[in-house]
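Quick notes on the structure that follows.
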Amino acid sequence: MDQPLFDGELVHSRRLLYTPSSFARSSLLHLQEAGSLQARAPHASARQGLASYLVFLVEQGSGTLTYAGTRHDLQAGDCVFLDCRIPYEHRTGQDLWRLRWAHFYGPNMGAIYKKYQERGGQPAFRAACPERYRTLLQEIYETASGEDHVRDMRLCSELFALLTQLMEDGWRPGAARTTHGKRRSAQEVKDYLDAHFAEKITLDALAERFYINKFYLTRVFKEEFGQSISNYLAQLRITQAKRMLRFTDDSVEAIALECGLADANYFARLFKKVEGIAPGEYRRQW
């Protein structure tokens, strides 16, 4: 596939507009556009209302990003991750920048971006390893340029690798004003849940055990681990239940009790809510 070059007064760019298959568009994380550019003169670019998510890396130079009403000053090594439905503008500085980017979309991107934000991810941040983003974006561009018969699947995998890197670098519990002491308290509670999930546990009992206000504990735990105490406890119990359903002959009632849920009917409802099927059906499938 040709790799179109664009030479203009404002930019020199190499970009690839990609059209995914109907299957990829409906079922996969899919690429829309990828490329790189070198600014030749100061200029601005503004967008809004696009069904797209944008990642770009500042490889050289400087500029600014205005997103959701907030301005961010960008330098070489900074990375940007945006929901393009929200108005944004990026503008070159006098030190003209070079960018590498990818636009993409997918059925679950709204939830993924929300999780990124909940974990402390910012629209613009200093990349711990800019070279990693350069490599990922280059791989996406090269795959889209090729003729691989499973190209859409490869692009989906590469875009998920990019999102995984963003999630890893974006995780900043401190951005939610969580102090070291708060993190320690939340970690102690998590360790306790890991060890005692099979016991009866209430929020009041946790607050009393760790000498902490239950409402404060609820907020700090979610800031630190991205989910509520009740959801984390349910996750532990359901994981243990799946092990027992697969590798023991214990009854559903016995498994519920072993996982800290004396009410077998409640256990069955919780299991179906999390896994989408009843415990007995899960056992038959596996």
Side-chain angles (χ1 to χ4, degrees), residues 11 13-16 18 29-39 42-48 50 52-106 108-144 155-176 226:
V11 297
S13 69
R14 180 183 296 272
R15 66 179 63 225
L16 185 151
Y18 188 77
L29 200 59
H30 54 272
L31 184 68
Q32 297 166 321
E33 179 181 313
S36 59
L37 68 81
Q38 172 66 60
H43 67 280
S45 179
R47 300 282 190 277
Q48 70 178 51
L50 297 179
S52 182
Y53 289 80
L54 168 65
V55 173
F56 72 78
L57 172 69
V58 183
E59 294 187 302
Q60 179 181 302
S62 64
T64 61
L65 166 73
T66 302
Y67 177 70
T70 300
R71 171 177 161 145
H72 305 268
D73 293 320
L74 303 176
Q75 305 288 332
D78 287 342
C79 192
V80 167
F81 182 23
L82 304 178
D83 177 351
C84 298
R85 294 171 299 182
I86 298 172
Y88 70 93
E89 177 189 86
H90 49 74
R91 183 182 298 269
T92 61
Q94 292 302 314
D95 183 12
L96 301 175
W97 62 13
R98 185 173 72 238
L99 307 180
R100 188 178 299 270
W101 80 88
H103 275 282
F104 54 93
Y105 196 64
N108 297 312
M109 272 306 304
I112 292 171
Y113 194 75
K114 182 179 179 182
K115 178 60 67 175
Y116 172 79
Q117 292 176 310
E118 289 174 352
R119 289 166 59 92
Q122 300 298 307
F125 62 92
R126 188 73 176 172
C129 182
E131 181 60 24
R132 177 61 177 154
Y133 287 96
R134 193 203 71 79
T135 299
L136 288 167
L137 290 167
Q138 180 63 23
E139 288 174 350
I140 290 167
Y141 185 89
E142 290 175 356
T143 298
L155 285 169
C156 181
S157 176
E158 291 167 357
L159 288 167
F160 268 118
L162 178 62
L163 285 172
T164 300
Q165 188 68 44
L166 285 161
M167 285 288 192
E168 183 177 342
D169 287 353
W171 189 38
R172 289 179 174 84

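Nothing here was measured: the structure is a model prediction, and the numbers come from that model.
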Handout entry: Closest contact, heavy atoms only, A124 versus L65
Key = CB-CD2, 4.3 Å

Exercise for the section: Flag the pair L31 / E158 as yes when at least one side-chain heavy-atom distance between them is below 4.5 Å, and no otherwise. Expected result: no

Exercise for the section: Rounded to the nearest 0.5 Å, what's the gap from SG on C79 to CZ on R126? Could you check? Expected result: 11.0 Å

Problem - Between CG on residue L162 and CZ on residue R132, distance to nearest 0.5 Å - result: 9.0 Å

Exercise for the section: For the pair Y67 (side chain) and D83 (backbone), establish whether a donor and an acceptor sit closer than 3.5 Å, ignoring hydrogens and angles. Expected result: yes

Handout entry: Check: G120 main-chain N/O paired with Q122 side-chain donor or acceptor under 3.5 Å
Key = yes

Problem - Heavy-atom closest contact (Q165 atom, Y133 atom, distance) - result: O-OH, 3.3 Å

Practice task
Would you check if R91 and P42 make a side-chain contact, meaning some heavy-atom pair closer than 4.5 Å?
Solution key: no

Exercise for the section: Measure the spacing between CG of L99 and CD of E59 and express it to the nearest 0.5 Å. Expected result: 8.0 Å

Exercise for the section: Measure the spacing between CD of E168 and OG1 of T164 and express it to the nearest 0.5 Å. Expected result: 8.5 Å

Exercise for the section: Test side chain to side chain contact (heavy atoms under 4.5 Å, CB included) on L163 and L29 and set out the steps. Expected result: CA-CA 10 Å; L163 285 172; L29 200 59; 3.5 Å; yes

Practice task
Would you check if the side chain of Y18 reaches a backbone N or O of F104 as a donor-acceptor pair within less than 3.5 Å?
Solution key: no

Exercise for the section: For the residue pair H90 and F56, categorise the inter-ring angle as parallel (less than 30°), tilted (30 to 60°) or perpendicular (more than 60°). Expected result: perpendicular

Handout entry: Spatial distance of atom CG (L136) from atom CZ (R100) [nearest 0.5 Å]
Key = 11.0 Å

Problem - Closest non-hydrogen atom pair between Y53 and R85, with its separation - result: OH-NH2, 2.8 Å

Practice task
Only one of L137, V55, L57, L37 passes side chain to side chain contact (heavy atoms under 4.5 Å, CB included) with W101; say which it is.
Solution key: L37

Practice task
Decide side chain to side chain contact (heavy atoms under 4.5 Å, CB included) for Y88 and L54; before the verdict, give the C-alpha distance in whole Å, the side-chain angles of both, and the deciding distance to 0.1 Å.
Solution key: CA-CA 11 Å; Y88 70 93; L54 168 65; 3.9 Å; yes

Practice task
Could you check if a side-chain atom of L74 sits within less than 4.5 angstrom of a side-chain atom of W97, using non-hydrogen atoms only?
Solution key: yes

Problem - Y116 and F125 aromatic ring geometry - parallel, tilted or perpendicular at 30°/60° bounds - result: tilted

Problem - Audit row: Q75, D95, side chain to side chain contact (heavy atoms under 4.5 Å, CB included) steps and yes/no - result: CA-CA 9 Å; Q75 305 288 332; D95 183 12; 5.5 Å; no

Problem - Polar side-chain atom of K115 near backbone of G226 as donor-acceptor pair, under 3.5 Å - result: yes

Problem - Distance, nearest 0.5 Å, that separates CD of Q48 from SG of C84 - result: 11.5 Å

